[in-house]
Amino acid sequence: MAVAAARVASSDFDPFSSETRRNPYAAYERLRAAGPVVRLTRYDIWAVPGFAEVKSVLEDHANFSSAGGAGLANYFKQKPWRPPSIILEADPPLHTRTRAVLARVLSPGVMRRLADEFKARAVTLIDPLVEAGSFDAIRDIAEVFPISVFPDALGIDQEGRENFLTYGAMVFAGFGPENDYFRELMAKAATVLPWVAAKCQRQALRPGSFGAQIYQAVDAGEISEEEGALLVRSLLSAGLDTTISAIGMSLYSLARAPAQWAVLAGNPTLARSAFDETLRYDSAAPFVFRTTPHETVIAGVPIDGHEKILLLVASANRDATRWERADELDITRRVSGHVGFGVGIHGCVGQMVARLEAEAVLSALAARVSRIEITGDVAYRESTGLRALSCLPLRVIPK
Ligand code: OVP
């Protein structure tokens, strides 16, 4: 063991620093060159930067558990900051039961019924912004659209929706270290967490909504009443800050690539694959963790039990051994197979909703706008679990 350990690469790379958020890709390239598994000395965790290994770890839930936590915290050793998610932070057989419920609620048939509504609401949001000619794509689009359409689909009323931004920030701070950013957000836990819990109760959810369908699974005996509330919580935790951040990053990637925007403006039906390519190229959700329940190996490297494994999905999506011209945004490439939504039994159950929201926004803009220019400074949020912008000032040139 000692001999093998000595041969393994190590790095002082910090996945949670503001420098990394600004530009992680040079560091990812160094990590991929260093080896299939790299010891990160700052946190005493393993990092996996290459496509093949990220994919094979994600596909091996028996050796790489989610019950140990999907963030940096090791639930095999530490108390979680909130009752763990019964889908994200769970292994089979619990995960199999809860996943079946959400997979049914978010099925392709349901998505087809939502598509027209989402597209109409994106046009209503975007058209006045195009008329105005300039706006902040984060404040005026990314932070508005998901908060308007997704809680509606979930069946939640309008009251207090600004709390979702704080809650989302808390959830994704919970993926990183217990730093000042985490503690500042947790100071709001006493008011925000009970508010969220109340929105997850059966009586708070409109008949016919996603939320009501989760409680139908309670009535059918598949899950308990408490599990029903926790699955509504999962949709609120996973379904807002992710899509807000992804829509923001997608617009940022496209704004930096005028030739790609021109292709999209020429054919707005490319919006869906353009979104996937931006997820591959520069993702808002750059990593996820697994925890080893027992000793195992990754690419021949022995790994102890109860170790945290950082899967750098954004690095995998730039791996030149998997992607041609990996560092180029190309909205016409064959992008299926990217791991931006994960893969395996925990692959994003809401990815169809995310695609529908992003497609609605991108196609509404592409239908009206021939060119996009970034007119001022761009800033990243402090979030440790997501890579997201806090502002993106744009000028748009109508067709
Ligand atoms: C990206 C995700 C993220 C955060 C929370 C949960 C899921 C949850 O299930 O609570 S998936």
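It should be emphasised that the depicted structure is a prediction, and the values quoted were computed from it without experimental measurement. All values below come from the heavy atoms of this structure, side chains included, with hydrogens, waters and symmetry mates left out. Note that ligands are numbered from 1 as they come in the structure, with each ligand's atoms numbered from 1 the same way.
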- Parallel, tilted or perpendicular: rings of Trp195 and Phe164 (30°, 60°): perpendicular
- Item | ligand 1 atoms in contact with Phe172 (distance to a heavy atom under 4.0 Å) | 3 (C), 4 (C)
- Would Arg39 count as a cation-pi partner of Trp46, with NZ or CZ less than 6.0 Å from the six-membered ring centre and within 45° of the ring normal? yes
- Message: Against the six-membered ring of Trp261, is Arg371 placed for a cation-pi contact (under 6.0 Å from the centre, within 45° of the normal)?
- Response: no
- Message: Test your reading of the structure: does Ser234 have an N or O sitting under 3.5 Å from an N or O of ligand 1?
- Response: yes
- Query: What is the nearest protein non-hydrogen atom to atom 5 (C) of ligand 1, stated with its residue, atom name and distance?
  - Reply: Ser237 CB, 3.4 Å
- Is the charged tip of Arg322 near the ring of Phe51: under 6.0 Å from the six-membered ring centre and within 45° of its axis? yes
- Query: Starting from atom 6 (C) of ligand 1, which protein heavy atom do you reach first, and at what distance in Å?
  - Reply: Leu88 CD2, 3.7 Å
- Task: Could you tell me the residue and atom name of the protein heavy atom closest to atom 7 (C) of ligand 1, and the distance to it rounded to 0.1 Å?
- Result: Ala238 CB, 3.4 Å
- Indicate, as side chain, backbone, both or neither, the part of Arg82 found under 4.0 angstrom from ligand 1 when only non-hydrogen atoms are considered. side chain
- Item | Residue selection (non-hydrogen contact nearest atom 4 (C) of ligand 1) among Thr98, Leu240, Val171 | Val171
- Item | Quiz item: cation-pi between Arg318 and Tyr25, 6.0 Å / 45° | yes
- Are more than 12 heavy atoms from other residues, nucleotides or ligands located less than 6.0 Å from atom CD of Glu178? no
- Message: Out of all atoms in ligand 1, which are within 4.0 Å of some heavy atom of Ser85? Include the element for each.
- Response: 8 (C), 9 (O), 10 (O)
